[in-house]
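Just below is one structure, and these are the notes that go with it.
Numbers for residues simply follow the sequence, beginning at 1.
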Amino acid sequence: MFSVKELVESVPLTSLPSNYIFGNTESNRHCLLMEPEETVPIIDFSLLTSHDPHQRSKTITQLGNACLNWGFFMVINHGVAETLRDEMVRETESFFDLRGEEKKQYAGKKLFDPIRCGTSFNANVDKTLLWRDYLKIHVHPHFNAPAKPSGFSKVLQEYCEKTREMANELLRGISESLGLEERYINEKLGVESSESHQLFVANMYPPCPQPELAMGLPPHSDHGLLTILMQNGIQGLQVMHKGKWVLINPLPNSFLVNTGDHMEILTNGKYKSVLHRAVVNNKATRISIGTAHGPPLDTLVSPAKELVADDAGQTYLGITYRNYLELQQSKSLSGKSCLDRLRFSM
């Protein structure tokens with residue numbers, strides 16, 4: 001099938017097709033699930049951008065602690081209109097609701113095709129298919145959008161501009177939390193340049209007849225520096241924290257932000273990318289919308305010399321952002337396997 005959505009709508013399903021059975025996921029899904037002893041960090045964006053130096057400094061400290069201890073946090077008071085967020089979700093739902101032949105024109109085979117939609121992660125190499133359809137759009141430095149739905153392009157452009165501005169501001173705060181100049185990350189990696197890279201990724205997880213046997217996305221970390229995520233109100237995101245899976249229940253109108261593999265490389269392992277996964281349910285369709293923020297594709301990302309201790313040395317090899325994306329897409333999605341290949345042997 002071209003998509004899980006088509007599979008679900010084609011015939012009534014009472015059991016999971018064998019090529020979607022992810023193994024014994026019941027124990028993986030539930031026995032390690034926990035209520036965190038500490039709450040998920042919340043960053044008040046309005047205080048990060050405050051003209052009050054005390055408030056800003058306090059928020060930068062909180063941001064640094066969130067990156068150090070969780071690799072994940074919620075952002076509130078971010079200034080992105082709720083109406084824009086709602087429109088983005090509606091337009092995304094409308095895209096997935098297009099007829100199969102209308103979406104197949106975007107069934108690209110190449111990683112850097114401007115627009116790609118499909119199913120699973122890398123269906124050519126995935127031994128087990130994921131219960132997930134996706135839409136991926138390269139939206140910066142060159143903006144792209146599907147022709148349908150008719151309102152999608154306008155909403156997408158505004159939404160991606162807003163999240164790009166948010167990412168740039170968060171990266172300034174993260175730079176300062178590391179003891180670096182405010183614009184260190186953005187300038188070193190060209191994140192605020194006209195060639196910086198932003199990828200829009202929308203995921204649809206339809207109701208699954210046997211959710212305990214399937215997986216929306218397996219445990220993985222993200223490429224890039226930061227991923228900014230929102231969802232349609234249906235739970236399913238789990239984050240690894242202190243060896244346990246934590247189900248994330250975001251505050252209304254908040255964004256979820258996680259550090260990516262290139263943040264871990266840049267900080268020489270101080271701020272690690274976080275493992276997370278998406279589980280599915282048998283009642284409602286979950287939609288998540290993420291934007292991945294990284295440097296220009298041909299930028300070499302390596303540990304910042306200011307963060308490499310003389311006695312510890314450099315932990316990671318440098319790699320261009322483009323080559324890292326190609327490496328990740330050539331394999332099945334599996335933990336931090338791509339990042340592990342760049343570690344220096346101890």
Side-chain angles (χ1 to χ4, degrees), residues 1-26 28-30 33 85-108 115-124 126-137 146 148-149 152 155-156 200-220 222 227 229-239 245 247-250 256 276-291 332-333:
M1 301 298 292
F2 172 68
S3 73
V4 176
K5 185 173 185 293
E6 288 184 7
L7 173 63
V8 169
E9 294 175 349
S10 63
V11 290
L13 290 176
T14 56
S15 62
L16 192 66
S18 60
N19 54 338
Y20 287 94
I21 295 177
F22 211 79
N24 183 20
T25 63
E26 181 67 24
N28 291 337
R29 283 162 52 90
H30 298 296
L33 200 59
R85 289 163 50 96
D86 292 344
E87 286 174 353
M88 191 72 262
V89 171
R90 283 196 299 269
E91 292 295 336
T92 299
E93 290 174 336
S94 296
F95 176 85
F96 285 119
D97 284 340
L98 293 174
R99 297 192 309 275
E101 56 268 25
E102 292 180 291
K103 290 182 286 190
K104 280 182 180 176
Q105 65 178 303
Y106 303 117
I115 305 170
R116 287 191 301 139
C117 68
T119 194
S120 198
F121 176 72
N122 186 349
N124 293 324
D126 291 339
K127 294 180 180 178
T128 302
L129 295 178
L130 303 173
W131 197 260
R132 168 235 194 186
D133 295 336
Y134 66 81
L135 169 64
K136 298 183 179 182
I137 308 174
K148 294 181 180 179
F152 191 98
V155 174
L156 176 67
F200 172 92
V201 181
N203 300 301
M204 167 177 269
Y205 307 98
C208 178
Q210 292 179 290
E212 70 279 3
L213 298 180
M215 189 66 75
L217 280 173
H220 68 283
D222 292 346
T227 298
L229 184 84
M230 70 170 178
Q231 56 189 29
N232 66 340
I234 306 300
Q235 292 184 356
L237 174 66
Q238 296 179 355
V239 171
W245 288 111
L247 180 65
I248 302 302
N249 185 20
L256 309 172
H276 54 287
R277 64 185 184 180
V279 298
V280 295
N281 70 83
N282 59 5
K283 294 181 174 61
T285 294
R286 177 172 178 259
I287 287 181
S288 68
I289 296 172
T291 52
S332 292
L333 203 57

Could you give the distance from [atom1] ([X]) to [atom2] ([Y]), rounded to the nearest 0.5 Å?
{"X": "Ile137", "Y": "Phe95", "atom1": "CD1", "atom2": "CZ", "result": "7.0 Å"}
{"X": "Cys208", "Y": "Met215", "atom1": "SG", "atom2": "CE", "result": "11.0 Å"}
{"X": "Ile287", "Y": "Met230", "atom1": "CD1", "atom2": "CE", "result": "10.0 Å"}
{"X": "Met88", "Y": "Arg85", "atom1": "CE", "atom2": "CZ", "result": "12.0 Å"}
{"X": "Leu237", "Y": "Asn249", "atom1": "CG", "atom2": "CG", "result": "10.5 Å"}

State which residues pass side chain to side chain contact (heavy atoms under 4.5 Å, CB included) with [X]; sequence neighbours excluded, sorted by chain then number.
{"X": "Gln210", "value": "Ser15, Leu16, Glu212, Leu213"}
{"X": "Pro207", "value": "Thr285"}
{"X": "Ala284", "value": "Ile234, Asn281"}
{"X": "Asn282", "value": "Pro211"}

Enumerate the residue pairs fulfilling salt bridge (charged side-chain N to carboxylate O under 4.0 Å, His left out) with a member in residues 9-19, sequence neighbours excluded, ordered by first and then second residue.
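Counting only pairs at least two positions apart or across chains, the salt bridge (charged side-chain N to carboxylate O under 4.0 Å, His left out) contacts touching residues 9-19 are Lys5-Glu9.
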Run the numbers on Leu13 and Leu7 for side chain to side chain contact (heavy atoms under 4.5 Å, CB included), then give the verdict.
CA-CA 9 Å; Leu13 290 176; Leu7 173 63; 4.1 Å; yes
Identify the two heavy atoms, one from [X] and one from [Y], that lie closest to each other, and give their separation to 0.1 Å.
{"X": "Phe22", "Y": "Pro218", "value": "CZ-CB, 3.7 Å"}
{"X": "Trp245", "Y": "Gln238", "value": "CZ3-O, 3.6 Å"}
{"X": "Lys103", "Y": "Cys117", "value": "O-SG, 3.2 Å"}
{"X": "Phe200", "Y": "Ile289", "value": "CE1-CG2, 3.3 Å"}

Parallel, tilted or perpendicular: ring planes of His220 versus His276, cut at 30 and 60 degrees
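Ring orientation, 0 to 90° scale: tilted.
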What is the ring orientation for Tyr20 with Trp131, classed by angle as parallel under 30°, tilted 30 to 60°, or perpendicular over 60°?
perpendicular
Name of the residue among Val280, Leu130, Val4 meeting side chain to side chain contact (heavy atoms under 4.5 Å, CB included) with Tyr205
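Single side chain to side chain contact (heavy atoms under 4.5 Å, CB included) partner of Tyr205 among Val280, Leu130, Val4: Val280.
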Minimum side-chain heavy-atom gap [X]-[Y] below 4.5 Å:
{"X": "Ile115", "Y": "Lys136", "answer": "no"}
{"X": "Arg286", "Y": "Asn232", "answer": "yes"}
{"X": "Phe152", "Y": "Pro146", "answer": "yes"}

Report the residues that fulfil side-chain hydrogen bond (donor to acceptor under 3.5 Å, both in side chains) with [X], sequence neighbours left out, ordered by chain and then residue number.
{"X": "Thr227", "value": "Asp222"}
{"X": "Asn203", "value": "Arg132, Ser288"}
{"X": "Glu102", "value": "Lys148"}
{"X": "Glu93", "value": "none"}

Treating Asp133 as the side-chain partner and Ser3 as the backbone partner, does any N or O pair qualify as donor plus acceptor under 3.5 Å?
no
